[in-house]
Protein chains: 2
Amino acid sequence: MTELEHYITSYFGVVDEKDLKTIVSLFQLTTIKKGDYLLKTGRRCDKLSFVQSGLLRIFVKTDDKEITQWISTKGYFTTDLSSFVFETPSRWTIQALADTELYSITKEDYQLIGDEVPKWAELEKLFIVRCFTMLEDRIFSHLSMTAEERYHFFYQHNGELFNQVPLQYIASMLGMTPETFSRIRKKPLL
Amino acid sequence: MTELEHYITSYFGVVDEKDLKTIVSLFQLTTIKKGDYLLKTGRRCDKLSFVQSGLLRIFVKTDDKEITQWISTKGYFTTDLSSFVFETPSRWTIQALADTELYSITKEDYQLIGDEVPKWAELEKLFIVRCFTMLEDRIFSHLSMTAEERYHFFYQHNGELFNQVPLQYIASMLGMTPETFSRIRKKPLL
DNA sequence: ATAATTTCTTGATTTTTGTCAAGCGCAAAA
DNA sequence: TTTTGCGCTTGACAAAAATCAAGAAATTAT
């Protein structure tokens with residue numbers, strides 16, 4: 001079983017062997033180099049990508065700074081969901097932070113899954129609801145926690161990321177400056 | 001056309017007359033009084049409610065304070081989505097801030113919609129993706145804006161709420177204390 | 001109408017976080 | 001190896017926001 005098959009099984013739920021092969025066969029393995037862009041703000045995001053290895057940073061460039069929205073690691077699906085679904089210009093820019101292997105599927109092919117696998121619509125919905133809930137949690141963290149608390153919480157749950165990506169991106173993603181991040185980092189834990 | 005019919009048409013997309021009647025007939029009009037609870041944290045949220053009139057506050061009680069996640073006004077669907085879909089204990093408490101009329105549908109009946117209206121699965125997905133995108137925007141506002149900017153942005157888009165609900169709840173929902181909210185409020189606009 | 005409660009404001013103060021500027025360390029490039 | 005650039009840290013300072021406490025103002029209850 002490939003990682004993609006494993007991920008689909010565990011995150012979307014049980015799909016029979018045959019359907020799983022059908023789904024996976026629609027994904028194409030592609031590679032992008034460190035620094036390359038998978039998507040740029042304003043372009044239409046016409047594919048959904050699964051990170052097989054490597055790292056992606058999802059961010060927005062405003063007038064004076066870049067805001068990192070999320071960092072996708074191995075085992076994550078990545079896309080500009082709104083752009084992918086509604087075919088509108090994307091809000092996010094997605095760039096590789098390391099050489100990255102992706103299994104990607106075009107929107108066209110993605111729609112075939114729904115035709116081939118009747119159960120898909122339901123599984124897809126459950127998946128999106130799970131993503132929705134994660135965003136709710138993230139908003140809640142901004143309403144109820146200080147920068148320091150968000151740091152520790154994120155470190156607990158995603159500590160392995162800290163020695164893989166520039167810390168300034170994690171700082172941005174948590175809603176603080178690199179300086180604040182650095183100061184929290186060196187504080188003793190008491 | 002009732003408000004509910006109108007809302008379904010405009011937010012979920014075009015559904016034919018007959019299907020629309022089917023859907024709407026599954027919703028039950030109920031009334032809850034100011035201060036009453038529609039849902040309490042930990043309980044299973046077994047229904048989806050459309051606010052016909054009145055106001056609902058969605059919040060969480062932590063050890064020392066209450067965090068308001070959202071305030072639903074006329075024309076909003078409200079539920080604990082995760083609890084409704086996965087039948088897990090709800091995270092949110094939902095309380096009426098005023099006497100409120102709701103059109104509610106149980107999960108059982110909600111599932112009938114999918115059976116009766118083949119198009120529903122797709123419309124439902126699009127609706128959830130739209131909600132997802134709104135949450136993304138909200139996270140972005142916390143990563144890129146100060147309390148003052150969030151205040152003004154929210155005022156621009158939801159100003160009518162300011163004379164309908166206790167301001168402390170809006171403050172909490174925007175991630176600031178009532179005192180900070182009050183000070184921003186009295187600041188001249190320059 | 002009056003009292004009681006809740007909500008909002010204000011001031012003084014502390015804490016948290018951001019900004020600016022400089023320097024250090026490390027890794028990639030020349 | 002030396003240089004260059006990038007990322008991280010640090011310090012001094014400024015700004016933003018939280019806290020605490022007291023009082024108005026408004027709402028609700030009596």
Side-chain angles (χ1 to χ4, degrees), chain A residues 33-36 55 57 59 61-68 71 95-99 139-155 159 161-190, chain B residues 33-36 54-55 57 59 61-68 71 95-100 139-155 159 161-190:
Chain A
K33 289 240 174 68
K34 178 171 175 169
D36 284 354
L55 290 158
R57 177 169 72 112
F59 67 98
K61 225 185 173 111
T62 64
D63 20 306
D64 55 341
K65 53 188 168 184
E66 288 181 352
I67 309 285
T68 297
I71 293 165
Q95 187 180 26
L97 289 180
D99 293 354
I139 289 170
F140 190 75
S141 79
H142 284 276
L143 302 185
S144 64
M145 295 163 117
T146 63
E148 193 167 342
E149 289 167 331
R150 290 198 301 280
Y151 171 94
H152 290 301
F153 188 85
F154 190 77
Y155 185 80
L161 208 60
F162 284 60
N163 42 37
Q164 291 182 60
V165 306
L167 299 177
Q168 54 180 315
Y169 299 145
I170 299 179
S172 173
M173 184 180 143
L174 293 177
M176 66 188 83
T177 60
E179 292 93 335
T180 296
F181 188 91
S182 175
R183 286 180 180 114
I184 290 170
R185 229 161 106 72
K186 88 162 181 184
K187 260 195 197 176
L189 277 167
L190 303 188
Chain B
K33 288 240 173 69
K34 179 170 177 171
D36 284 354
L55 291 158
R57 177 168 72 112
F59 68 99
K61 225 184 172 113
T62 64
D63 20 308
D64 54 342
K65 54 188 168 184
E66 288 180 353
I67 309 286
T68 297
I71 293 165
Q95 186 181 27
L97 291 179
D99 293 354
T100 298
I139 289 169
F140 191 75
S141 80
H142 283 276
L143 302 185
S144 64
M145 294 163 115
T146 62
E148 193 167 343
E149 289 167 331
R150 289 198 301 280
Y151 171 93
H152 290 302
F153 188 84
F154 189 77
Y155 185 79
L161 209 60
F162 285 59
N163 42 38
Q164 292 182 62
V165 306
L167 299 176
Q168 54 179 317
Y169 300 145
I170 300 178
S172 172
M173 185 179 142
L174 294 176
M176 67 188 82
T177 60
E179 292 94 333
T180 296
F181 188 92
S182 174
R183 286 179 182 114
I184 290 171
R185 227 160 107 73
K186 87 163 182 184
K187 259 196 198 177
L189 278 167
L190 304 187

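Throughout, protein chains are lettered first and strands after them, A, B, ... in sequence-line order, and every chain is numbered starting at 1.
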A:Arg57-A:Thr68 side chain donor-acceptor pair, cut-off 3.5 Å: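 Judged by distance alone, the side chains do pair up.
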Spacing of [X] atom [atom1] relative to [N] atom [atom2], expressed in whole Å:
X: B:Ile170; N: C:dC8; atom1: CD1; atom2: C1'; answer: 13 Å
X: A:Met176; N: C:dG18; atom1: CE; atom2: P; answer: 8 Å
X: A:Phe162; N: D:dT9; atom1: CZ; atom2: P; answer: 11 Å
X: A:Ile184; N: C:dT17; atom1: CD1; atom2: P; answer: 6 Å
X: B:Asn163; N: D:dT27; atom1: CG; atom2: P; answer: 11 Å
X: B:Arg183; N: D:dA17; atom1: CZ; atom2: P; answer: 12 Å
X: A:Tyr151; N: C:dT17; atom1: OH; atom2: P; answer: 14 Å
X: A:Asp64; N: C:dT19; atom1: CG; atom2: C1'; answer: 12 Å

Does [N] have OP1 or OP2 sitting under 4.0 Å from an N or O in the side chain of [X]?
X: B:Lys186; N: C:dT10; answer: yes
X: B:Thr177; N: D:dA18; answer: yes
X: B:Lys34; N: D:dT28; answer: yes
X: B:Thr180; N: D:dA18; answer: yes

Tell me whether the rings of A:Phe181 and A:Phe162 are parallel (<30°), tilted (30 to 60°) or perpendicular (>60°).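 A:Phe181 and A:Phe162: parallel rings.
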Regarding A:Lys65, tell me which of base, sugar-phosphate or nothing describes its non-hydrogen contacts under 4.0 Å with the strands shown.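 Here A:Lys65 touches no strand at all.
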Counting any heavy atom closer than 4.0 Å, what does A:Arg185 reach on the DNA or RNA strands: base, sugar-phosphate only, or nothing?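 Since only primed, P, OP1 and OP2 atoms lie under 4.0 Å of A:Arg185, the category is sugar-phosphate.
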Using rotation axes that map the C1' atoms of four end pairs onto the next four (five pairs an end), what angle separates the end axes of the helix from C:dA1-D:dT30 to C:dA30-D:dT1, to 10°?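 For the helix from C:dA1-D:dT30 to C:dA30-D:dT1, the axes at either end differ by 40°.
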Nearest to the side chain of [X], which nucleotide is it out of [options]?
X: A:Thr146; options: D:dG7, C:dT17, D:dT10; answer: C:dT17
X: B:Leu167; options: C:dG18, D:dT9, C:dT9; answer: C:dT9
X: B:Gln168; options: C:dT7, C:dG11, D:dC8; answer: C:dT7

Heavy-atom count around A:Phe153 CZ within 6.0 Å, excluding the residue itself: above 12?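 Atom CZ in A:Phe153 is not packed in, count stays at 12 or less.
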Return whichever of B:Tyr169 or B:Glu179 has its heavy-atom-nearest nucleotide of DNA chain C closer to the 5' end.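 That would be B:Tyr169.
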What's the shortest heavy-atom distance between [X] and [Y], and which atoms?
X: B:Leu55; Y: B:Thr100; answer: N-OG1, 3.1 Å
X: A:Thr177; Y: A:Ala171; answer: O-CB, 3.9 Å
X: A:Tyr151; Y: A:Leu174; answer: CA-CD1, 4.0 Å
X: A:Gly35; Y: A:Gln95; answer: O-NE2, 2.9 Å

Close side-chain approach of A:His142 and A:Arg150, heavy atoms under 4.5 Å: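 In contact.
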